[in-house]
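In what follows, a structure is listed as structure tokens, so that the remarks can point back to it.
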2 protein chains.
Amino acid sequence: MPISEYDIEVARTPTTSDVFNAVAEASRRDLLDALGSGEATVGELAERLGLSQPTVSKHLGVLRAVGVVHVRVDGKHRWYRLNGPALKPIHDWVRTFERTWNTRLDRLDDLLAELQAQEKKQS
Amino acid sequence: MPISEYDIEVARTPTTSDVFNAVAEASRRDLLDALGSGEATVGELAERLGLSQPTVSKHLGVLRAVGVVHVRVDGKHRWYRLNGPALKPIHDWVRTFERTWNTRLDRLDDLLAELQAQEKKQS
DNA sequence: TTGACATATGCCGATATCGGAATATGATAT
DNA sequence: ATATCATATTCCGATATCGGCATATGTCAA
């Protein structure tokens with residue numbers, strides 16, 4: 001009996017369904033961290049993180065599917081770069097729980113400390 | 001040939017391995033959102049979210065395993081409550097990318113808006 | 001003790017994951 | 001045209017997921 005394409009069974013949620021799932025894997029978080037310092041090539045990332053090339057390509061594929069990285073093709077190289085804003089949904093969600101570990105004043109402290117650090121840098 | 005207990009194969013990362021994995025599932029995020037307004041019972045949560053009782057119990061089990069919820073036993077009821085600080089690792093990680101979508105001034109705006117909202121509430 | 005209620009647990013089928021190995025695709029240089 | 005380098009894709013085995021359903025555990029009340 002042919003299975004209808006209409007009744008899809010959702011067992012595990014695909015990693016490409018949203019950013020939360022994509023980022024659940026530690027290696028993928030490592031990749032994003034590595035891309036924080038700028039564009040990088042698949043080979044570079046593989047060496048830096050000690051992962052095989054296919055593994056890195058696959059992980060980048062997932063990250064690309066949810067839009068958290070972009071690619072720039074350059075000859076036989078592919079430069080991957082971070083697309084931070086795609087992570088905002090996570091930030092926004094977790095932020096609603098911030099009050100449970102931080103008071104408003106704590107956050108003000110954080111902000112001031114940061115401004116000071118910035119001032120130092122620019123002087 | 002008997003398989004040694006020492007060579008465990010890690011295919012998919014278990015949802016109980018860390019908070020990131022636990023929170024990857026949308027239903028579990030919904031549960032945490034629901035618990036944001038205070039303690040709740042398994043039955044209450046099941047009805048509020050339109051999930052079956054076993055499903056809720058299992059999800060809460062995962063959330064409890066990573067410490068993001070705590071339980072209080074009360075007769076035949078079990079009151080689950082949020083343990084926000086367990087979400088901090090997520091916040092801390094995603095925060096390092098905040099600069100990619102928010103400028104310092106944007107965040108100052110956010111803070112001020114929040115303080116105003118708070119003032120309104122207390123007046 | 002028996003029964004009703006609240007929750008946890010076990011088993012199942014369908015499915016998706018992850019890394020490894022092999023191979024395909026694609027671009028550049030000779 | 002061919003060899004080489006960089007990356008993507010496919011197939012595989014082992015494993016974990018998720019919801020449904022049935023059932024076990026545990027608590028209170030009559």
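Convention: sequence-line order gives letters A, B, ...; per-chain numbering from 1. For clarity, every value in this text was computed on a predicted model and none was experimentally measured.
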Could you list the donor-acceptor pairs under 3.5 angstrom formed by side chains in residues 29-36 of chain B, with sequence neighbours left out?
unit_1: B/Arg29; atom_1: NE; unit_2: B/Val23; atom_2: O; d: 2.9
unit_1: B/Arg29; atom_1: NH2; unit_2: B/Ala24; atom_2: O; d: 2.7
unit_1: B/Asp33; atom_1: OD1; unit_2: A/Trp93; atom_2: NE1; d: 3.1

Could you go through B/Tyr80 and B/Arg72, starting from their C-alpha distance and side-chain angles, then the distance that decides it, and tell me whether this counts as side-chain contact (heavy atoms from CB on, under 4.5 Å)?
CA-CA 6 Å; B/Tyr80 281 85; B/Arg72 180 170 63 86; over 6 Å; no
What is the minimum heavy-atom distance between [X] and [Y], and which atoms define it?
X: B/Val62; Y: B/Ala22; result: CG1-CB, 4.0 Å
X: B/Leu45; Y: B/Val56; result: CB-CG1, 4.1 Å
X: A/Gly67; Y: A/Ala86; result: O-CB, 3.3 Å

It should be established whether A/His59 places a side-chain nitrogen or oxygen under 4.0 Å from OP1 or OP2 of nucleotide C/dG19.
yes
Is B/Tyr80 close enough to C/dA6 that one of its side-chain N or O atoms is under 4.0 Å from OP1 or OP2 there?
no
Starting from P on D/dT17, measure out to CG on B/Leu63 and report it in whole angstrom.
13 Å
B/His77 NE2 to D/dG26 C1': how many Å, rounded?
13 Å
Is there a path of hydrophobic side-chain contacts, each under 4.5 Å between heavy atoms, that joins B/Leu51 and B/Leu82?
yes
Between the side chains of A/His59 and A/Glu25, is a donor N or O closer than 3.5 angstrom to an acceptor N or O?
no
Pairwise side-chain contact, A/Asp18 with A/Pro89, heavy-atom cut-off 4.5 Å (strictly under):
no
Proximity to DNA chain C (any heavy atom under 4.0 Å), residues of residues 15-44 of chain B only
B/Thr41, B/Val42, B/Gly43
Treat primed atoms plus P, OP1 and OP2 as sugar-phosphate and everything else as base, then score nucleotides 20-27 of chain C 5' to 3': B for base contact with protein heavy atoms under 4.0 Å, S for sugar-phosphate contact only, - for none.
BBB---BS
